[in-house]
Each structure stands twice: as C-alpha cells, then as structure tokens.
Amino acid sequence: MSEELARLLADLKEAEALAFVEKALEQGSDPLDLLASAKEGMAIVGERFADSDYFIPDLVFSGEILRRIVALLEPHLKKQGESNRLGKVIMGTVKGDIHDIGKDLVVFMLDVSGFEVTDLGIDVPVQRFVEAVRETGSKVVGLSGFLTLAFDSMKQTVDAIQEAGLRDDVKIMIGGGQIDERVRRFTGADAYGKDAIEAVALAQRWIGG
Amino acid sequence: MEKKWEEMSAEEKQEAQFQKLLAPKDPEGNDLKFQSREAEAAYKARINRLKDAIQLKRPPDRVPVALFPSMFPYMYAGMTVQEAMYDYEKCVAGYKKFVLDFEPDFPMGAAGPGPGRFYEILDYKLYSWPGHGVAPEHSYQCNEGEYMKAEEYDLLLSDPSFYFRNFYLPRVFGKLAPWNMLPPLTGILEMYGVAFNFIPFGLPPVQDAYKALFEAGAEALKWAMAVGGVDVELATLGFPNIFGGFSKAPFDVLGDTLRGTRGIMIDMYRQPDKLLKALEALTPIMIGLGLGAAQQTGKPFIFMPLHKGADGFLSDAQYKEFYWPTFKQVMLGLIEGGCIPLPAAEGGYNTRLKYLNELPKGKTLWMFDQTDMAAAKETVGDTICLLGNVPSSLLKLGTPDDIRDCVKKLIDTAGKGGGYVMGNGAFFDEAKPENVKAMVAFTREYGVYK
Ligand code: B12
C-alpha cells in the first residue's frame with residue numbers, strides 16, 4: 001500500500017497522482033497494491049464529503065482521477081474477481097424519470113464504500129426492480145427520483161416488490177430532489193436519505209460494513 | 001417634464017416600471033379594457049400588493065399569493081402533458097381554468113409546456129418529451145450531456161454568437177446540424193471576395209436547415225399567439241402575468257446545458273482560468289437577455305432559475321469564487337436597467353443567504369424551495385422580498401389542514417412586517433386541488449396586515 005498515492009488522490013492532485021502511478025508501474029510496483037491505495041484515497045474523499053469538507057465537484061473530480069488511474073493500471077491487472085465486497089445493493093432511477101446525476105453519485109459512493117452495486121439505470125420499469133432482487137439476491141434496494149411523478153413510481157415499485165413476496169427479504173431506501181419523510185411514508189419504503197452519504201450509512205446499517 | 005429613461009436612477013426606473021404595470025395596454029397599444037370595475041380594481045390591487053412587498057417600505061394590505069406550477073394546470077384540467085404540448089388551444093384553456101379556479105395573485109403564464117411540434121420540426125435533442133422518450137402523461141426532461149466540449153472555451157470566448165450558431169445549436173437541434181458549415185459574419189468585409197462568404201447558403205443541407213427553421217418559426221408564432229392571447233384575457237379579468245423575461249446565472253448557463261454538471265465541475269479543477277473568463281464573458285450577455293425581454297414585453301420581472309449554486313453543490317469557497325461574483329453582476333445589471341430579478345433558489349439556499357445582503361434593498365424577489373424561511377427572514381429580510389416554500393410533498397400528499405399549518409407558520413415568520421409572497425417552493429406537477437385552494441384561501445384570510 002502506498003500512503004502517498006492515497007493522499008494525492010484524496011487531495012485531488014490529478015497530475016501528481018497519475019505521475020506517481022506511472023512511475024510506480026515502471027519501477028515494478030504491484031498494480032493490485034496501487035489499486036488498493038487508490039481505493040483508500042477514495043475512502044478519504046468519502047469521509048471528507050461526509051464531513052462537508054468536500055462537495056459535489058470534489059466527488060466528481062475524484063471519480064475522474066480514479067477513472068484515469070484505473071485506465072493506467074488495467075493493462076497490468078490480471079482479470080480476477082472482485083474480492084471481499086460488503087454486500088449487494090440495487091440502485092435505479094424509477095419509472096418515468098430520467099435523471100441520473102444524483103443516482104450516479106449514490107452508486108459511486110456505495111461502490112467506493114465497498115458495496116457491490118447493480119445499477120439498473122434510469123426510467124426503470126417496476127418489474128425490472130423485482131427481477132433484479134430475484135437475480136442478485138440483494139438485500140438493499142435504492143430508488144432515486146427527482147420529479148413529483150417519482151412519488152407514484154416509487155410507491156408502485158415498493159408495492160410490486162411486496163406483491164412478488166420479496167418485501168421481507170429487502171430493505172428499501174429512497175432519495176432525490178423533492179423526496180422527504182412524508183414521501184417515504186406514502187411509498188412504504190423503509191428509509192429516506194437526503195444525500196449519498198446517508199445512502200451509504202443506510203446500506204451499512206442494513207447489511208453491515 | 002418627465003425624465004428620460006437613461007437619466008433615471010435605478011429607483012426611479014423601478015417606479016416607472018410599476019406605473020407601467022398599473023396602466024396596462026392591449027396588444028394594439030390602447031388602454032386595456034377590463035371586463036368589469038372589480039376586475040380592474042383587483043388587477044391594480046394585485047400590482048400594488050406586490051410592489052409594497054418588494055420595496056420593503058411598508059407592508060402590503062395582505063400577503064400576496066403566487067402559484068408557480070410546472071405541469072399542474074394541465075394535469076388538473078384533465079389533459080396529458082402531451083396534449084398540452086401539441087394542442088395550443090387546449091393548453092391555454094386548461095391554464096385559464098387553473099387561474100380562474102385557484103385565483104392566484106400572480107399566475108405565471110401558459111408557456112410551460114411549450115410547442116411540441118416546434119421541437120419536432122427542429123429535432124430537439126436536449127430534451128426528451130412526451131412521445132419522444134417520455135410517456136404522454138409525464139413532463140419533458142433534460143438529457144444531460146457535454147454539448148460544449150472541454151477544449152472549446154477559446155472558441156466560445158472569441159465569439160460567443162459564432163460558437164452558439166456553429167457548434168452548440170447544431171448539436172442540440174438535429175435539423176440545424178448543417179449550420180456548422182456557416183461562415184463567420186465578421187469575415188464579410190469588402191467587395192473583393194464577399195461572395196465567397198455566401199457559398200454555404202447555396203448548399204442543399206444548409207438550405208434544408210433554413211426551410212426547417214422557417215417552418216419552426218411559423219409554429220413558434222402560432223403558439224405564442226395562443227399563449228400571449230390568454231395573458232391579455234386574464235389581465236382583463238384582473239390577473240396580471242408579471243413575467244417579463246428570463247435570464248440565468250452565468251455558472252448555470254455553462255453548467256446546465258453547455259458543459260453539463262460533470263463537465264463544469266471538472267473544469268473548476270482542470271481549467272479554472274478559462275472557466276472564470278467564460279463566466280465573465282457571459283455576464284453582459286445575460287444582462288442583455290433580461291433587459292431585452294423586459295423591453296419587448298413591457299414587464300420588469302426577470303425570472304432566474306438557480307441550479308448549481310444551491311447548498312451542497314459547491315463549497316462556500318467555490319461558490320464565492322465561481323458562482324456568486326458573476327451572478328451578482330447580472331442581478332445588478334438588471335436592477336440598473338429597471339428590472340426586478342426573480343431568482344428561484346431551487347433546492348436549499350441556507351448557506352448562501354449571507355451573500356444576498358450585498359444586493360441593494362427592495363430590488364429583488366426570491367423564490368425559495370427548501371430554504372429555512374425563518375432564517376432567511378432573519379438574515380436577509382431587510383434586503384430582499386421572500387417568496388414560496390410550501391413543499392411539493394405537502395401539496396401532493398398532505399391535507400388542507402397540513403397546508404393551513406404550513407401557511408400560518410410561513411406568514412408568522414417570513415411574512416412578519418411584509419416583504420413576503422406566499423407561494424409554492426418547487427415547480428409542481430402533481431398536487432391535490434383542495435390543497436392548492438387551501439393555500440390561496442387561507443393566505444387571503446390569515447395574511448391580512450393590520
Ligand atoms: C439542475 C436542474 C435542472 C437542469 C438539469 C440538466 C442539467 N444539466 O443539470 C435543467 C436546467 C435542464 C432543468 C430543467 C428542468 N427542471 Co430542474 N432542476 C435542477 C436542480 C436545480 C438540480 C438537480 C440536480 O442536478 N441535482 C443534483 C443531484 C446530485 O441531486 P439529487 O438528484 O437530488 O441527488 C442527491 C440526493 O437527493 C441523494 N439521492 C439521490 N438519489 C437517491 C437515492 C437514494 C436511495 C438515497 C438514499 C439518496 C439519493 O443523493 C444525491 C447526492 O447527494 C433541481 C432543484 C434541486 N436543487 O434539487 C431542479 C428540479 C429538479 N427541476 C425542476 C423542474 C420543474 C424542471 C423543469 C420541468 C423546468 C421547466 N419547466 O423547464 C425542467 C425539465 C425537467 C428536468 N429536470 O429535466 C423541479 C422539479 C419539481 C417537480 N415537478 O417535481 C426541481 C426540483 C426544481 C424546483 N425546485 O422546482 N433542471
């Protein structure tokens with residue numbers, strides 16, 4: 001593990017972080033080690049976001065630096081299964097709504113926090129969520145939505161999971177622009193989270209980590 | 001003798017604008033004929049009520065109440081969003097029903113749904129709308145993207161209009177793609193060689209683009225006649241549409257539809273100097289946009305939806321460096337020109353309130369979505385007029401009693417001593433009609449200043 005790389009990434013030093021990775025690879029460092037350091041850096045980014053030292057631009061930019069680091073490492077990494085993930089989470093923007101910025105941030109934060117995320121995308125039909133619960137055996141479902149129409153779509157999604165007999169197997173969290181506690185009660189979801197950090201906290205509470 | 005416009009102070013210009021609103025004209029330029037004395041009195045009372053609320057000199061007779069919905073009027077009237085977008089008469093009739101049934105002091109006009117066929121003619125790619133990627137009953141939605149590329153700042157800076165015509169517009173309107181072949185107008189200088197500049201206009205794809213443009217223009221005009229007509233009719237019934245135009249904070253201009261959310265945030269790190277230069281270049285353009293619209297419509301209120309400066313989107317330092325300076329300049333420029341900026345602070349604006357005290361007193365009207373209104377009153381209540389804050393979730397899921405509690409609390413805090421307009425916080429699509437009614441009725445009853 002390289003504390004240096006984790007620190008460079010956490011401080012959003014793009015050029016230095018990339019130069020560090022290139023040099024380390026030349027000198028024969030273990031790419032898996034470098035990847036672990038990068039993840040460590042992302043975890044620090046997440047903490048700073050939770051502490052309100054970092055804001056959305058900082059998250060977005062850290063994701064961009066990580067993307068470039070992974071691109072450098074990829075040719076050197078032998079394909080191997082993702083190790084020790086904390087648990088599975090399904091995320092998607094509900095039917096009728098095509099907004100993805102908020103959902104993508106939640107997916108990103110869950111991912112860097114160690115969860116295995118199945119991202120169903122946007123405008124996700126109710127039944128697609130039900131199928132995904134069956135296919136993946138995930139214990140947590142996150143519904144994102146921006147518009148008032150999403151209130152109904154969220155409720156329909158929760159109802160469909162119930163009708164499929166899967167409601168007791170999963171915890172459902174909702175979030176996005178106009179969502180609040182009142183909407184949670186209306187939809188029958190288990191919890192509402194106001195930002196990506198709360199999404200991570202909920203997932204941790206429900207499936208550990 | 002009356003002072004010339006250019007010689008007036010911002011204060012005098014604002015007053016003149018209100019006087020103009022109080023003496024409305026019909027489209028032919030004659031004095032507007034009200035349908036009854038009561039309608040005329042109601043119209044004038046509404047303008048004066050708003051004027052008092054905004055100027056912060058004395059409380060109005062009662063708290064004014066505004067309804068600024070998104071697609072609610074059309075859904076309430078029983079049509080799909082698709083119908084409202086394609087059948088202009090139906091759209092306008094639905095909007096009229098909404099105004100007459102709910103009687104807001106300030107309706108927002110029927111322009112929301114927009115002309116569906118117009119978007120089709122030009123193959124608009126920036127949005128999906130009913131029948132084009134969205135179900136008939138749902139509102140149109142933006143397709144987030146980098147419609148301006150990271151390496152195009154110099155192009156934008158050297159000639160914004162050329163950049164828009166040759167790069168941005170060809171990307172967001174499929175039919176205008178051939179515009180990327182057009183020459184810069186600033187190359188048309190002298191007789192020798194002048195004709196070379198016009199060759200692109202002879203090319204079939206460019207000619208097709210112009211044909212589509214003429215058709216789109218005709219469609220836009222047809223739609224505008226319908227939408228403008230109902231505004232005049234409602235004014236004769238006592239309901240003024242105060243909206244004069246639209247502008248944006250320069251950061252949102254780039255961050256919403258040019259570079260996009262991701263793009264602009266990465267630019268803050270990779271090319272902050274270029275970003276700052278572009279924000280400055282957009283500032284006079286955004287002032288001109290508002291002033292020009294106000295001149296055309298004869299109404300001073302310039303609506304400014306605020307996006308990427310909300311709580312959480314930027315740190316305080318980032319807001320102070322990238323968002324606030326040029327946003328403030330745009331507002332000051334509009335105020336200088338006699339306009340009244342009407343920023344809609346979407347999301348939360350709690351951490352930004354302190355900046356608003358840098359604005360001149362009594363010159364702006366701020367719509368708040370999820371901001372703490374008691375704190376806003378406390379921090380900036382002596383500088384700006386507050387509007388809004390009734391939550392979307394309450395309008396859709398609450399009861400009339402919940403609404404009355406909310407309205408009462410808002411009037412007791414934000415409304416204390418004037419300087420407040422009751423209103424919804426977010427532009428809502430769905431709501432229980434009885435809740436919207438309760439909001440207006442209870443404000444009228446409880447919001448009277450003694
Ligand atoms: C930016 C923006 C736009 C841009 C979008 C494109 C772009 N390039 O950015 C533009 C200008 C095009 C736009 C257009 C419109 N908009 Co708009 N827009 C916004 C705005 C300001 C921010 C949205 C955003 O980017 N959020 C960023 C992400 C990060 O936030 P988020 O999605 O909420 O996600 C966070 C949390 O909520 C949470 N979260 C999200 N999902 C989940 C899931 C779980 C499980 C959990 C736990 C947490 C969680 O974590 C995320 C990160 O912390 C909001 C107001 C606001 N501040 O919310 C209005 C808003 C969404 N827009 C609105 C409207 C009305 C419109 C228009 C219809 C306006 C019009 N008449 O033209 C159009 C079309 C609809 C559309 N949005 O496409 C309304 C919607 C109200 C409604 N009807 O429900 C809003 C709420 C504004 C308002 N106050 O009225 N908009």
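Every chain is numbered from 1, with letters handed out A, B, ... down the list of sequences. As a basis for the values below, the full set of heavy atoms in this structure was taken, side chains included, without hydrogen atoms, waters or symmetry mates.
Distance check, rounded to the nearest 0.5 Å: NZ of Lys308(B) to CD1 of Ile101(A) gives 5.0 Å. The CG atom of Asp316(B) lies 11.5 Å from the OG atom of Ser52(A); values are rounded to the nearest 0.5 Å. The CG atom of Leu397(B) sits 8.0 Å away from the CG atom of Asp180(A) when rounded to the nearest 0.5 Å. One distance of note links OG of Ser393(B) with CZ of Arg185(A); it measures 9.0 Å at 0.5 Å rounding. Rounded to the nearest 0.5 Å, atoms CZ (Phe146(A)) and OG (Ser139(B)) are 12.5 Å apart.
When the candidates Ala431(B), Gly425(B), Ser392(B), Gly312(B) are compared by the number of heavy-atom contacts under 4.5 Å with chain A, Gly312(B) comes out ahead. Between chain B and the residues Asp58(A), Val183(A), Asp53(A), Leu59(A), the largest count of heavy-atom pairs under 4.5 Å involves Asp58(A). Among the candidates Ala317(B), Gly398(B), Ser315(B), Ala135(B), the residue making the largest number of heavy-atom pairs closer than 4.5 Å to chain A is Ser315(B). The residue among Leu394(B), Leu395(B), Val134(B) with the most heavy atom pairs within less than 4.5 Å of chain A is Leu394(B). Put simply, of Arg262(B), Met71(B), Met268(B), the one with the most heavy-atom pairs under 4.5 Å next to chain A is Arg262(B). Top candidate by heavy-atom pairs under 4.5 Å with chain B, chosen from Ile122(A), Asp97(A), Leu12(A), Asp104(A), is Asp97(A).
Within a 6.0 Å sphere centred on NZ of Lys437(B), other residues, nucleotides and ligands contribute more than 12 heavy atoms. For Lys320(B), the NZ atom is loosely surrounded, since the number of other residues' heavy atoms within 6.0 Å does not exceed 12. Other residues, nucleotides and ligands contribute over 12 non-hydrogen atoms within 6.0 Å of the NZ atom of Lys432(B). Residue Lys409(B) places its NZ atom among 12 or fewer non-hydrogen atoms of other residues, nucleotides or ligands, all under 6.0 Å distant. No more than 12 heavy-atom neighbours from other residues, nucleotides or ligands sit within 6.0 angstrom of NZ on Lys13(A).
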Stepwise side chain to side chain contact (heavy atoms under 4.5 Å, CB included) check, Phe61(A) with Met265(B): CA-CA 7 Å; Phe61(A) 191 52; Met265(B) 289 179 170; over 6 Å; no

Ile56(A) vs Leu314(B), side chain to side chain contact (heavy atoms under 4.5 Å, CB included): CA-CA, chis, key distance, verdict: CA-CA 6 Å; Ile56(A) 297 178; Leu314(B) 300 175; over 6 Å; no

Evaluation steps, side chain to side chain contact (heavy atoms under 4.5 Å, CB included), between Lys396(B) and Asp152(A): CA-CA 11 Å; Lys396(B) 177 165 159 68; Asp152(A) 290 320; 3.2 Å; yes

Intermediate values then yes/no, side chain to side chain contact (heavy atoms under 4.5 Å, CB included), Glu14(A) and Tyr269(B): CA-CA 9 Å; Glu14(A) 179 178 37; Tyr269(B) 283 97; over 6 Å; no

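With a threshold of 4.5 angstrom between heavy atoms, Ile98(A) approaches chain B through its backbone and through its side chain. For chain A, the nearby part of Asp402(B) is the side chain; its heavy atoms alone come within less than 4.5 Å. Looking at Ser128(B), the atoms closer than 4.5 Å to chain A (heavy atoms on both sides) all sit in the side chain, from C-beta outward. Neither the backbone nor the side chain of Ile264(B) comes within contact range of chain A; no heavy atoms are under 4.5 Å apart. With a threshold of 4.5 angstrom between heavy atoms, Glu137(B) does not approach chain A through any atom at all. Neither the backbone nor the side chain of Glu346(B) comes within less than 4.5 Å of any heavy atom of chain A. In this structure, the portions of Gln141(B) lying under 4.5 Å from any heavy atom of chain A include both its backbone and its side chain.
The main-chain N or O of Leu149(A) is found under 3.5 Å from a side-chain atom of Glu430(B) such that the two form a donor-acceptor pair.
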